[in-house]
Amino acid sequence: MENNLNTSAFGKNDIRGIFPKEVNSEVFLYAAMGYVKWALNQFKEKGVTKRADELCFCVCMDARLHSKELKDAVIKGVTLYGANVVDIGLAPTPMGYFSEFAKIPEEVLKGHKINGALIITASHNPSEYNGLKMTFNKSSLSEADIKEVKAAAENVYELAKEGRLPITSKGFIEEFDLREIYAEKLLDGFSKCADGLKIIVDSANATAGIVAPKIYREMGAEIIELYSEPDGNFPNHHPNPSDESTLDDIKKAVIENKADFGIAFDGDSDRIGLVDSEGKMVSGDKLLLIYALDLINSLKPRGEKPTVVSEVKCSQVLYDTINEAGGNAVMYKTGHGYIKSKMKETGALLAGEMSGHVFFKDRYYGFDDAIYAGMRLIEIVSKNKKENPDFKIQDLLKPFDKVFISNEVRFKCPNEFKQAVLDELNTKVCDDLFDSKIKEIVTLDGLRIIFEDGFALIRKSNTEPVFTMRFEANTKEKCEKYESALVGIVDELTKQISAQKV
């Protein structure tokens with residue numbers, strides 16, 4: 001054994017890194033054992049004494065080539081520490097989340113309940129990455145929780161080196177296919193409403209293909225499938241629908257087949273991408289507005305004013321339109337863990353991110369499920385087409401016509417330099433830099449520099465060595481001016497700080 005466990009992949013929202021340098025069987029073995037130790041302590045802090053053999057966790061994985069090896073390590077870690085596992089195999093991440101709510105047969109659970117889920121996935125990252133998402137008691141682990149799991153994993157690693165692991169008996173492992181129960185639960189909330197709709201579904205050779213097309217057909221839609229077969233090589237394109245370059249095939253298919261729209265999924269099916277009937281990408285904030293306006297309109301007759309949470313990268317149009325329509329829009333940090341915690345704090349019924357994570361607490365459980373988000377989209381379009389046969393998704397996006405919004409700009413910067421660059425940038429931001437008066441600087445997550453006619457945003461990616469930037473203004477020229485100014489100074493500062501650190 002090495003002197004220390006490599007915990008460099010423990011992040012703010014999950015564990016994620018390059019295989020096998022940062023994530024490997026050893027890291028996941030001790031991460032799983034640390035997780036069980038942490039879970040037992042959660043009960044203890046509430047005055048409840050539990051033994052490891054009283055706990056049971058769902059484990060599943062995405063389609064990456066090394067996910068099976070890492071899943072085996074997680075299962076070994078959980079059961080070595082004495083807890084039990086229900087292995088649902090290859091599955092979308094939201095199915096892992098759902099396992100805590102599902103009615104799994106008693107003969108599988110053996111008198112236990114699912115206390116949490118351990119999901120081996122690197123979501124939208126390239127194929128050389130892998131990771132671990134963790135839930136407990138029907139909630140994703142927070143940044144603070146992940147720090148505690150990290151400390152517990154390091155502690156267990158030290159005990160193992162000394163041969164002092166507190167193992168009394170090994171937990172059981174039961175394999176179970178949850179797909180049918182998941183599909184039945186999702187369909188239970190929907191009528192067969194989609195007759196006449198033609199939809200392209202691109203599963204990116206990841207996890208959605210094993211369930212999503214079948215569910216959408218059950219709703220009555222005509223589904224044309226792209227890349228439904230799981231293949232961890234991702235032979236057709238990278239599984240990240242927020243990267244427009246991955247949408248070439250689905251755009252072409254929508255136009256050639258005269259489809260109503262296209263739905264694209266990421267690597268673990270917790271992000272949804274949308275392509276409209278003209279083959280154009282619909283950004284995450286535009287997608288969220290579609291859901292938000294439908295929700296607001298459905299609750300207005302009951303006199304309810306729903307709260308909708310989103311993140312700092314989103315257009316100001318989103319927030320303003322939600323508020324004007326009768327909702328309550330809340331801005332918060334980027335990251336599914338942060339968004340979920342803010343939803344709970346505010347009692348929000350809906351939330352979403354630019355990346356395509358959408359969280360429905362209205363009629364659903366509150367976690368990000370892109371397959372379910374697709375169902376809500378099908379329902380909205382079906383409802384509108386019944387009222388107007390010529391309806392198109394783009395008819396719902398007219399509020400965005402009044403501004404010009406950039407695509408997301410991704411600027412490479414080593415993780416260890418990010419904060420220093422941001423700190424230095426904060427001292428240099430001024431009206432002269434952008435040739436525009438600054439109204440406010442929001443430091444909730446990076447810097448959102450707000451002008452009279454738009455904003456410029458820079459923030460640290462939670463999952464990759466990049467800054468993400470976005471820009472908005474009343475004109476294309478002004479938007480490009482904001483982008484040029486910010487990218488220019490960040491490039492300059494990154495080079496300076498990199499040179500100083502070498």
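In this chain, residues are counted from 1 in sequence order. These numbers come from a predicted model, not from an experiment.
Salt-bridge check for K333 with E143: failed, with every basic side-chain N at 4.0 Å or more from each acidic carboxylate O. Classification of R271 and D368 as a salt-bridged pair fails, no side-chain N sitting under 4.0 Å from a carboxylate O. No salt bridge links R448 with E472; every basic N to acidic carboxylate O contact stays at or beyond 4.0 Å. Taking 4.0 Å as the cut-off between side-chain N and carboxylate O, K495 and D491 count as a salt-bridged pair. Remark: K402 does not engage D320 in a salt bridge, criterion side-chain N to carboxylate O under 4.0 Å.
Residues F434 and F451 bring their aromatic ring centres within 6.0 Å. Here F471 and Y482 keep their ring centres 6.0 angstrom or further from each other.
Residues Y338 and D445 have side chains that never bring a donor and an acceptor to within less than 3.5 angstrom of each other.
Between L425 and V490, the closest side-chain pair of non-hydrogen atoms falls below 4.5 Å.
In summary, of the residues considered (R410, K280, K251), a salt bridge (charged side-chain N to carboxylate O under 4.0 Å, His left out) with E244 occurs for K251 alone. When V309, V312, I339, V358 are each tested for a side chain to side chain contact (heavy atoms under 4.5 Å, CB included) with E353, only one passes: I339.
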Apply the test side-chain hydrogen bond (donor to acceptor under 3.5 Å, both in side chains) to residues S67 and N130: give CA-CA distance (whole Å), side-chain angles for both, the deciding distance (0.1 Å), then the verdict. CA-CA 7 Å; S67 289; N130 219 315; 3.1 Å; yes
